[in-house]
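Here the structure is a predicted model, which is why all the values come from computation and not from measurement.
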Amino acid sequence: QVNLVESGGGLVQSGGSLRLSCAASGSIAFINAMAWYRQAPGKERELVATITPGGSAKYADSVKGRSTISRDNAKNTVYLRMDSLKPEDTAVYYCNAAAMPRGATRWGDYWGQGTQVTVSS
């Protein structure tokens, strides 16, 4: 089994910054792509950023230029730094990972519980 635990959310003023962390734990053989998603009230969950094991990153247009996704493969951890935060960035942020548990024969899609980010105007 693979567990993902996010941290780093909270209340931030508009224009501020924060860094989210997500640590994967459990009996893990390999983690492939990791990603951050977010879901605002009344809206569908949307992809924010993804990163491959080699560090290749992609971003949603809404955060491009003011966000950086990174990962530490040795720690099975992915980060999301967001700058110039806007009220519309307010959402629950979820970590996602494609991982293969030890002894498994297929990849699994794993999610964290989410961390709330609130940006005040």
Engineer: Once ring-ring contact (aromatic ring centres under 6.0 Å, His included) is applied, do any residues pair with Tyr37, and if so which ones, sequence neighbours excluded?
Structural biologist: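 Applying ring-ring contact (aromatic ring centres under 6.0 Å, His included) to Tyr37 gives Trp111.
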Engineer: Can you see which heavy atom on Ala91 is nearest to which on Gln39, and at what distance?
Structural biologist: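 Shortest heavy-atom separation between Ala91 and Gln39 comes out as CB-O, 3.4 Å.
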Engineer: For the pair Cys22 and Tyr93, evaluate side-chain contact (heavy atoms from CB on, under 4.5 Å) and give the outcome as yes or no after the intermediate values.
Structural biologist: CA-CA 10 Å; Cys22 171; Tyr93 284 71; over 6 Å; no
Engineer: Rounded to the nearest 0.5 Å, how far apart are CG of Asn3 and CG of Asn76?
Structural biologist: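 Asn3 atom CG to Asn76 atom CG measures 12.0 Å (nearest 0.5 Å).
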Engineer: If you group Ile, Leu, Val, Met, Phe, Trp and Tyr whenever their side-chain heavy atoms sit less than 4.5 Å apart, what else falls in with Phe30?
Structural biologist: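 ILVMFWY cluster around Phe30 also holds Met100, Trp107.
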Engineer: May I ask you to test the Pro101-Ser27 pair for a side-chain heavy-atom distance under 4.5 Å?
Structural biologist: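 Side chain of Pro101 against side chain of Ser27, heavy atoms only: no contact under 4.5 Å found.
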Engineer: If you take all heavy atoms of Lys86 and Ser14, which pair is closest and at what distance?
Structural biologist: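 For Lys86 versus Ser14, the nearest heavy atoms are CA-OG, 4.4 Å.
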Engineer: Which salt bridge (Lys or Arg N to Asp or Glu O under 4.0 Å) pairs, counting each pair once, include a residue from residues 15-38, with sequence neighbours left out?
Structural biologist: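 Passing the test, one end in residues 15-38: Arg38-Glu46, Arg38-Asp89.
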Engineer: With rounding to the nearest 0.5 Å, note down the distance linking OG in Ser67 to CG in Leu85.
Structural biologist: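 Ser67 atom OG to Leu85 atom CG measures 7.5 Å (nearest 0.5 Å).
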Engineer: Mind listing the closest non-hydrogen atom pair of Ala40 and Thr90 along with its distance?
Structural biologist: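 Looking at all heavy atoms of both residues, the closest pair is CB-O, 3.6 Å.
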Engineer: Work out which heavy atom in Leu4 is nearest to a heavy atom in Cys95; give both atom names and the distance.
Structural biologist: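 Between these two residues, the closest heavy atoms are CD1-O, 3.7 Å.
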Engineer: Report yes or no: does Asn73 contribute a side-chain atom to a donor-acceptor pair with the main-chain N or O of Pro53 at less than 3.5 Å?
Structural biologist: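 At least one qualifying donor-acceptor pair exists.
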Engineer: Step by step, would you call Thr68 with Tyr59 a side-chain contact (heavy atoms from CB on, under 4.5 Å)?
Structural biologist: CA-CA 8 Å; Thr68 302; Tyr59 300 90; 4.0 Å; yes
Engineer: Between Asn96 (side chain) and Tyr110 (backbone), is there a donor-acceptor pair under 3.5 Å?
Structural biologist: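 Yes.
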Engineer: Applying a strict under-4.5 Å side-chain criterion to I, L, V, M, F, W and Y, I'd like to know whether Ile51 and Tyr94 cluster together.
Structural biologist: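 No, Ile51 and Tyr94 fall in different hydrophobic clusters.
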Engineer: Which heavy atom in Ala35 sits nearest to a heavy atom in Ile69, and how many Å separate them?
Structural biologist: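 Heavy-atom minimum between the residues: CA-CD1, 4.4 Å.
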Engineer: Hey, could you give me each pair passing salt bridge (Lys or Arg N to Asp or Glu O under 4.0 Å) that has a residue in residues 68-78? Not counting sequence neighbours.
Structural biologist: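 Listed once each, the pairs would be none.
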Engineer: Could you work out the complete set of other residues in the hydrophobic cluster of Tyr79, with links drawn between I, L, V, M, F, W and Y side chains under 4.5 Å apart?
Structural biologist: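 The other cluster members (ILVMFWY side chains, heavy atoms under 4.5 Å, direct or chained): none.
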Engineer: Which atom names give the shortest non-hydrogen contact between Ala99 and Ile31, and what distance separates them?
Structural biologist: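 It is CB-CG1, 4.1 Å.
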Engineer: Going by salt bridge (Lys or Arg N to Asp or Glu O under 4.0 Å), name the residues that satisfy it together with Asp61, two or more places apart in sequence or in a different chain.
Structural biologist: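 Checked Asp61 against salt bridge (Lys or Arg N to Asp or Glu O under 4.0 Å); matches are Lys64.
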Engineer: To the nearest 0.5 Å, what is the distance between CE (Met82) and CG (Leu20)?
Structural biologist: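 The distance works out to 7.5 Å.
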Engineer: Applying a strict under-4.5 Å side-chain criterion to I, L, V, M, F, W and Y, I'd like to know whether Val92 and Val78 cluster together.
Structural biologist: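 They do not share one cluster, since no chain of ILVMFWY contacts under 4.5 Å joins Val92 to Val78.
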Engineer: Please determine whether the number of non-hydrogen atoms from other residues, nucleotides or ligands lying under 6.0 Å from atom CD of Gln13 exceeds 12.
Structural biologist: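 Count not over threshold, so no.
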Engineer: Is there a donor-acceptor contact under 3.5 Å from the side chain of Gln113 to the main chain of Val5?
Structural biologist: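 Flag not set: sc Gln113 to bb Val5 has no pair under 3.5 Å.
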